[in-house]
Amino acid sequence: MPEAELAKSEAMVRVRFAPSPTGYPHLGNIRTALFNWLFARHNGGSFILRIEDTDVARQVEGAIDTILDSLRWLGLDWDEGPYFQSQRSEIYREVADQLVKEGLAYLCYCSPQRLESMRREQIERKQPPGYDRHCRYLAREKRTELEASGITPVVRFKSPLEGQTSFYDLLRGDIVFENSTLDDFVLLKSDGYPTYHLANIVDDHLMVISHVLRADEWLSSTPRHILLYQALGWQPPQFAHLPMILGSDRAKLSKRHGATAINEYRNQGYLPEAMVNFLALLGWSLDDVTELLSRQEIIKHFSLERISKTAAVFNRDKLEWMNGVYLRCLSLEEFTRQAIPFLERGLPLEIERPLETHYTRQIMPLIQERAKTLAEVPQLSEFFFVDELEYDVSLLLGKIEDTQAVKALQASIAKLEALENWDMASLEAVLRPMADELNLKTGVFFGLLRVAITGRTASPPLFQTMEVLGGERCLKRLRVALNKLSVSEFG
RNA sequence: GGCGCAUUCGUCUAGGGGUUUAGGACACCUCCCUCUCAAGGAGGAGAUCACCGGUUCGAAUCCGGUAUGCGCUACCA
């Protein structure tokens, strides 16, 4: 980065996140928000939230709330706003009027139908599609006639016909566009709302935005914005176009890519801290080895210089792994607190609510080590809560013959009925020697008990599980297992 | 079609002329631990640094071209 640019970027930092409520924010949107927030926090600047709701037709119900919720969930607090562009129409209109008055923009009366057929013809003739500037050169009489006709015009910017427009991108360096490739884009729509191009630069100027950090998809529009700044005699902010986040098919993230809305990740049991850590590493890195960073560490080290230039494919496996790491870092109290809503929601309906707190608290340490997301907690712990286990007898006989299984279960029941202290150590002290007595490998014997106790072949450690379940439940389950075996013998 | 940006293991990335037989992470495989699972530990496999030229004593690193990918090309943002 040249020194002059560096110096500018060190001045008072004011950045904004400017989502459009035409959909729910996905990973890509939120990553942009995160980078802006990190940049502001690192530099002691301001993070401003602005809702770009100028497309009334495509507005999605509830999108604004979801945007605010998502930012709050991730702890991306804003210092100003939310500002709503829909409430600032007067401002944009005045700027558009001024540009028309100065001859830098003009009224266009072309119908959508005409524009559409024009575009179709251009594509057919393999010409670059773009407005043909029909209304830019309207004769005076014709214009007066159209004004009288009652058609509501749009306002278009008079793009220069030749020359170049260039700017310095903080990430990518000098970028140059031929003005001849730019058409006369719309500033003010016929419904009175501004387009992105107009609203964006007016607000960035009025809100004294110092740096525009936005997704790469905006790079191509930037020359228009530069031209507008020039037309208005305003100093443009610094630009940095961030690499996009792609779906596994390497295409721009969209609804097709599964749970793209960020609040879906919350529902699926991801922790905001894990999400922040993961997202920060999607396009930024500290060094060659660090993967786990706290929010404070990210803020401390965040810099534009270390943002990568290449689009990144979202790797869900890695997010899961990281979330598991964060889950295991939680205190038991915190993990339990967070897991309970997922249990209440995800456990079978017949289990009584609210869940018994003391019992649940005993279960959670066994689950915490094994869950990658909170949404997995009900599935992992279901057998602790249900009265009747549902499993196939064949599971009991996985590695053992039925006569031996029956014998082993009978012996276990007899020994356990006499057990005085139902705790992990006592259980192990009784059961481990039994494997020898029964002439079974511990793996086989404990495996049998595991299925009888949990209904599964994989579970938390047997003795811990039995201690938490308690003697009454365990003995009942052992008898049920024995019964299953005898029934199957006759069936 | 035009314009723009990008191109290092499957994925996220480090590396920015000699330190590189290209480092780390996820996923995968093997082994250890072990009552199963998970976690953890130790290993392994996986990248002719897109390709072709050039600059240089020397290039993943600099330059040019090509290819490929992505983005933009709306009275969407």
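Chain identifiers are assigned alphabetically (A, B, ...) following the order of the sequence lines, protein sequences preceding nucleic acid strands; residue numbering begins at 1 within each chain.
Pairs of residues two or more places apart, or lying in two chains, that qualify as salt bridge (charged side-chain N to carboxylate O under 4.0 Å, His left out) and include a residue from residues 176-198 of chain A are A:R133-A:D184, A:R136-A:D184, A:D183-A:R224. Pairs engaging residues 449-471 of chain A under the salt bridge (charged side-chain N to carboxylate O under 4.0 Å, His left out) rule: none recorded [sequence neighbours left out]. Pairs of residues two or more places apart, or lying in two chains, that qualify as salt bridge (charged side-chain N to carboxylate O under 4.0 Å, His left out) and include a residue from residues 150-177 of chain A are A:R172-A:D216.
For the pair A:G447 and A:P128, nearest-nucleotide mapping onto RNA chain B gives the more 5' position to A:P128. Between A:E291 and A:D55, the residue anchored nearer the 5' end of RNA chain B, judged by the nucleotide with its closest heavy atom, is A:E291.
Counting non-hydrogen atoms under 4.0 angstrom, A:R125 reaches nothing in the nucleic acid. Among the protein residues, A:G23 comes within range of no part of the nucleic acid, since none of its heavy atoms lies under 4.0 Å from any strand. Nucleic acid contact for A:S220: base, since at least one base atom lies under 4.0 Å from a heavy atom of the residue. In this structure, A:R306 reaches the sugar-phosphate backbone alone: every heavy-atom distance under 4.0 Å involves primed, P, OP1 or OP2 atoms, never a base. Counting any heavy atom pair closer than 4.0 Å across all strands shown, A:L219 reaches sugar-phosphate atoms only and no base atom. Using a 4.0 Å heavy-atom criterion, one finds that A:T22 contacts no nucleic acid atom at all. Among the heavy atoms of the strands lying under 4.0 Å from A:E52 are primed sugar atoms or P, OP1, OP2 only; no base atom is included. Nucleic acid contact class of A:T457 (heavy atoms, under 4.0 Å, all strands): base. Using a 4.0 Å heavy-atom distance criterion, A:V154 is classed as a base contact. In this structure, A:T290 reaches neither bases nor backbone, as no heavy-atom distance under 4.0 Å exists between it and the strands shown. Counting non-hydrogen atoms under 4.0 angstrom, A:P194 reaches the backbone sugars and phosphates but no base. Backbone-only contact: A:R328 has heavy atoms under 4.0 Å from sugar-phosphate atoms and none from a base. Within 4.0 Å (heavy atoms only), A:R450 reaches at least one base atom of the nucleic acid. Residue A:V444 is classed as having no contact, given no heavy-atom separation below 4.0 Å to the nucleic acid.
The only option from A:V100, A:T195, A:L198, A:V186 that meets the side-chain contact (heavy atoms from CB on, under 4.5 Å) definition with A:V155 turns out to be A:V100.
B:rA14 sits 15 Å from B:rG23 when the P atoms are compared, rounded to a whole Å. Using C1' as the reference atom, B:rU13 and B:rA22 are 13 Å apart when rounded to the nearest Å. Of the P atoms belonging to B:rC28 and B:rC75, the separation is 48 Å, rounded to the nearest Å. Distance check on atom P: B:rG69 versus B:rU11 gives 15 Å, rounded to whole Å. Rounded to whole Å, the separation between the P atoms of B:rA74 and B:rC3 comes to 16 Å. Rounded to whole Å, the P atom of B:rG2 lies 29 Å from the corresponding atom of B:rC9. Using P as the reference atom, B:rC26 and B:rA42 are 12 Å apart when rounded to the nearest Å. Comparing the C1' positions of B:rG46 and B:rU21 gives an interatomic distance of 16 Å, to the nearest angstrom.
Under the rule for a side-chain contact (heavy atoms from CB on, under 4.5 Å), the partners of A:S394 that lie at least two apart in sequence or sit in another chain are A:D392. In this structure A:S426 satisfies the side-chain hydrogen bond (donor to acceptor under 3.5 Å, both in side chains) test together with A:D423, sequence neighbours excluded. The ring pair (Phe, Tyr, Trp, His ring centres under 6.0 Å) search around A:F302 returns A:F35, A:W284, not counting sequence neighbours. A:R214 pairs by the side-chain hydrogen bond (donor to acceptor under 3.5 Å, both in side chains) definition with A:Y196, A:T222, A:H225, A:H241, not counting sequence neighbours. Residues that satisfy the side-chain hydrogen bond (donor to acceptor under 3.5 Å, both in side chains) test with A:E382, not counting sequence neighbours, are absent from this structure.
Ion pair A:E90/A:R93 not flagged as a salt bridge, since none of the NZ, NE, NH1 or NH2 atoms sits closer than 4.0 Å to an Asp/Glu carboxylate oxygen. Ion pairing between a basic and an acidic side chain is recognised when a charged N comes within 4.0 Å of a carboxylate O; A:E124 and A:R120 show no such pairing.
B:rA50: Watson-Crick or G-U partner is B:rU66, with both key distances under 3.5 Å. Across all strands shown, B:rU11 forms a Watson-Crick or G-U wobble pair, both distances under 3.5 Å, with B:rA25. In this structure, B:rG18 forms a base pair with B:rC57, meeting either the Watson-Crick or the G-U wobble geometry with both donor-acceptor distances under 3.5 Å. Nucleotide B:rC75 forms no Watson-Crick or G-U wobble pair with any nucleotide shown, as no partner meets the under 3.5 Å limit on both distances.
Across residues 195-206 of chain A, A:T195, A:Y196 each have a non-hydrogen atom less than 4.0 Å from an atom of RNA chain B (numbered order). Near RNA chain B, meaning a heavy atom under 4.0 Å from it, residues 317-325 of chain A has A:D317, A:K318, A:W321 in order of number.
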Validation: residues 56-68 of chain A side-chain donor-acceptor distances under 3.5 Å, sequence neighbours left out:
| from | atom 1 | to | atom 2 | distance (Å) |
| --- | --- | --- | --- | --- |
| A:R58 | NE | A:D55 | OD2 | 2.8 |
| A:T66 | OG1 | A:G62 | O | 2.8 |

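Chain A approaches RNA chain B within less than 4.0 angstrom (heavy atoms of the protein), and the contacting nucleotides run 5' to 3' from B:rG1 to B:rA77.
The aromatic ring centres of A:Y92 and A:Y193 sit 6.0 Å or more apart. Aromatic ring centres of A:F314 and A:F278: separated by under 6.0 Å.
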